[in-house]
Amino acid sequence: MTSTIVYEGSLRTIATHLSSGTVIETDAPLDNQGKGERFSPSDLVATALGTCMMTIMGIKARDMKIDLIGTKIEVEKIMKTDPRRIGGINLTFSFQENLQFKEKERAILERAAYTCPVIYSIHPEIKVNTIFNWQPEIVSSS
């Protein structure tokens, strides 16, 4: 098993990762009768996509001896109705300004991000938009 989930009432759950004991609490969002005090289940789906993409980029970066520490991803989840579902996920990656990447390195890292297992698990009707904000501009390959 991966985890256990206990319903606490008031539209809150507590999920426990069995091998580590890490706990995640969820709430229904404000726009769906909840308190919105924790991640909602659909927030976790969108966030899982960003963390998965970053993890796979991190693996590739480590292999390339590139340090991505401090990279930030802003995640925006867009909901649809009838039925209520995730309609889109916008991800904006921002890299540390002190890091310099060659064009080939950027292409390899971006390609790696799109091989994460979560992106292959997202329904094709969910529009995923990804922006990679590389700072500073591309360093020459010479």
Side-chain angles (χ1 to χ4, degrees), residues 1-8 11-142:
M1 275 196 305
T2 301
S3 61
T4 59
I5 301 167
V6 176
Y7 182 65
E8 293 287 302
L11 308 180
R12 178 167 291 167
T13 69
I14 297 179
T16 303
H17 183 250
L18 295 179
S19 66
S20 69
T22 302
V23 172
I24 297 173
E25 295 182 22
T26 68
D27 274 343
L30 291 173
D31 65 352
N32 197 28
Q33 305 176 36
K35 295 178 183 179
E37 295 174 344
R38 308 287 191 275
F39 282 105
S40 73
S42 56
D43 291 341
L44 290 176
V45 171
T47 301
L49 176 59
T51 60
C52 185
M53 291 175 81
M54 188 70 249
T55 299
I56 300 302
M57 287 178 74
I59 291 168
K60 182 54 83 173
R62 183 183 60 201
D63 293 346
M64 297 167 62
K65 304 212 182 333
I66 295 173
D67 184 0
L68 294 180
I69 289 176
T71 300
K72 178 181 175 183
I73 307 170
E74 294 177 350
V75 179
E76 179 187 22
K77 173 195 70 178
I78 300 162
M79 295 297 289
K80 286 191 166 189
T81 57
D82 199 24
R84 185 172 169 78
R85 67 196 180 284
I86 300 170
I89 301 171
N90 297 326
L91 302 165
T92 303
F93 288 73
S94 297
F95 300 88
Q96 295 288 357
E97 290 186 24
N98 63 332
L99 299 177
Q100 294 187 350
F101 299 93
K102 295 178 180 155
E103 187 172 355
K104 182 178 179 180
E105 293 170 331
R106 291 180 183 192
I108 290 168
L109 291 170
E110 287 181 19
R111 201 169 328 120
Y114 289 111
T115 66
C116 91
V118 173
I119 202 161
Y120 291 123
S121 303
I122 299 285
H123 194 281
E125 288 183 12
I126 298 175
K127 180 135 175 75
V128 176
N129 297 304
T130 308
I131 297 171
F132 294 94
N133 288 328
W134 298 97
Q135 297 293 332
E137 294 303 314
I138 296 173
V139 177
S140 68
S141 297
S142 50

Check your understanding: Are Thr130 and Met53 close enough, and set up right, to give a side-chain contact (heavy atoms from CB on, under 4.5 Å), and what steps lead you there?
Key -> CA-CA 10 Å; Thr130 308; Met53 291 175 81; 4.1 Å; yes
Check your understanding: Atom CG in Asn133, atom CD in Glu97: separation rounded to 0.5 Å?
Key -> 10.5 Å
Review point. Atom CE in Met54, atom CG in Leu49: separation rounded to 0.5 Å?
Key: 12.5 Å
Exercise for review: Would you give the length of the straight line joining atom CD1 of Ile131 to atom CG of Leu91, rounded to the nearest 0.5 angstrom?
Suggested key: 9.5 Å
Practice item. Taking all heavy atoms of Thr81 and all of Arg85, pick out the closest pair and write down the distance. Key: O-NH1, 3.1 Å
Check your understanding: Angle class for the Phe101/Phe95 ring planes (parallel below 30°, perpendicular above 60°, tilted otherwise)?
Key -> perpendicular
Review point. Parallel, tilted or perpendicular: which fits the ring planes of Phe132 and Tyr114, with parallel below 30° and perpendicular above 60°?
Key: perpendicular
Check your understanding: Which distance, rounded to the nearest 0.5 Å, do you find between the OG of Ser94 and the CD of Gln135?
Key -> 8.0 Å
Check your understanding: If you look at every heavy atom in Lys102 and Glu105, which pair is closest and at what distance?
Key -> N-OE1, 2.8 Å
Exercise for review: State, yes or no, whether a side-chain contact exists between Leu18 and Thr4 at a heavy-atom distance under 4.5 Å.
Suggested key: yes
Revision key, fill the gap. Here the gap from Asp27 atom CG to Glu8 atom CD, rounded to the nearest 0.5 Å, amounts to 10.5 Å
Acceptor/donor pairs from residues 29-37 side chains to any protein atom, 3.5 angstrom cut, sequence neighbours excluded:
{"residue": "Asp31", "atom": "OD1", "partner": "Arg84", "partner atom": "NH2", "Å": "2.9"}
{"residue": "Glu37", "atom": "OE1", "partner": "Arg12", "partner atom": "NH2", "Å": "2.9"}

Review point. Is a donor on one side and an acceptor on the other found under 3.5 Å between the side chain of Glu110 and the backbone of Ala107?
Key: no
Practice item. Kindly indicate, with the supporting measurements, whether the criterion side-chain contact (heavy atoms from CB on, under 4.5 Å) is fulfilled by Thr16 and Ser3. Key: CA-CA 5 Å; Thr16 303; Ser3 61; 6.0 Å; no
Exercise for review: Starting at SG of Cys52, measure out to CE of Met57 and round the result to the nearest 0.5 Å.
Suggested key: 12.0 Å
Let me check something: any side-chain donor-acceptor pairs from residues 58-71 under 3.5 Å, sequence neighbours excluded? List them with distances.
{"residue": "Asp67", "atom": "OD1", "partner": "Ile69", "partner atom": "N", "Å": "2.9"}
{"residue": "Thr71", "atom": "OG1", "partner": "Leu68", "partner atom": "O", "Å": "2.6"}

Review point. Do Thr26 and Thr13 have a side chain donor and acceptor closer than 3.5 Å?
Key: yes
Check your understanding: What heavy-atom pair brings Gly87 and Lys80 nearest, and what distance separates the two atoms?
Key -> CA-CG, 3.8 Å
What pairs of donor and acceptor atoms, side-chain ones from residues 116-129 against any protein atom, are under 3.5 angstrom apart with sequence neighbours left out?
{"residue": "Ser121", "atom": "OG", "partner": "Pro117", "partner atom": "O", "Å": "2.9"}
{"residue": "His123", "atom": "ND1", "partner": "Glu125", "partner atom": "N", "Å": "3.0"}
{"residue": "Asn129", "atom": "ND2", "partner": "Asn90", "partner atom": "OD1", "Å": "2.8"}

Point to revise | side-chain contact (heavy atoms from CB on, under 4.5 Å) assessment of Thr92 paired with Ile73 | key: CA-CA 5 Å; Thr92 303; Ile73 307 170; over 6 Å; no
Point to revise | Short side-chain to backbone donor-acceptor contact, Ser20 and Thr22, under 3.5 Å | key: yes
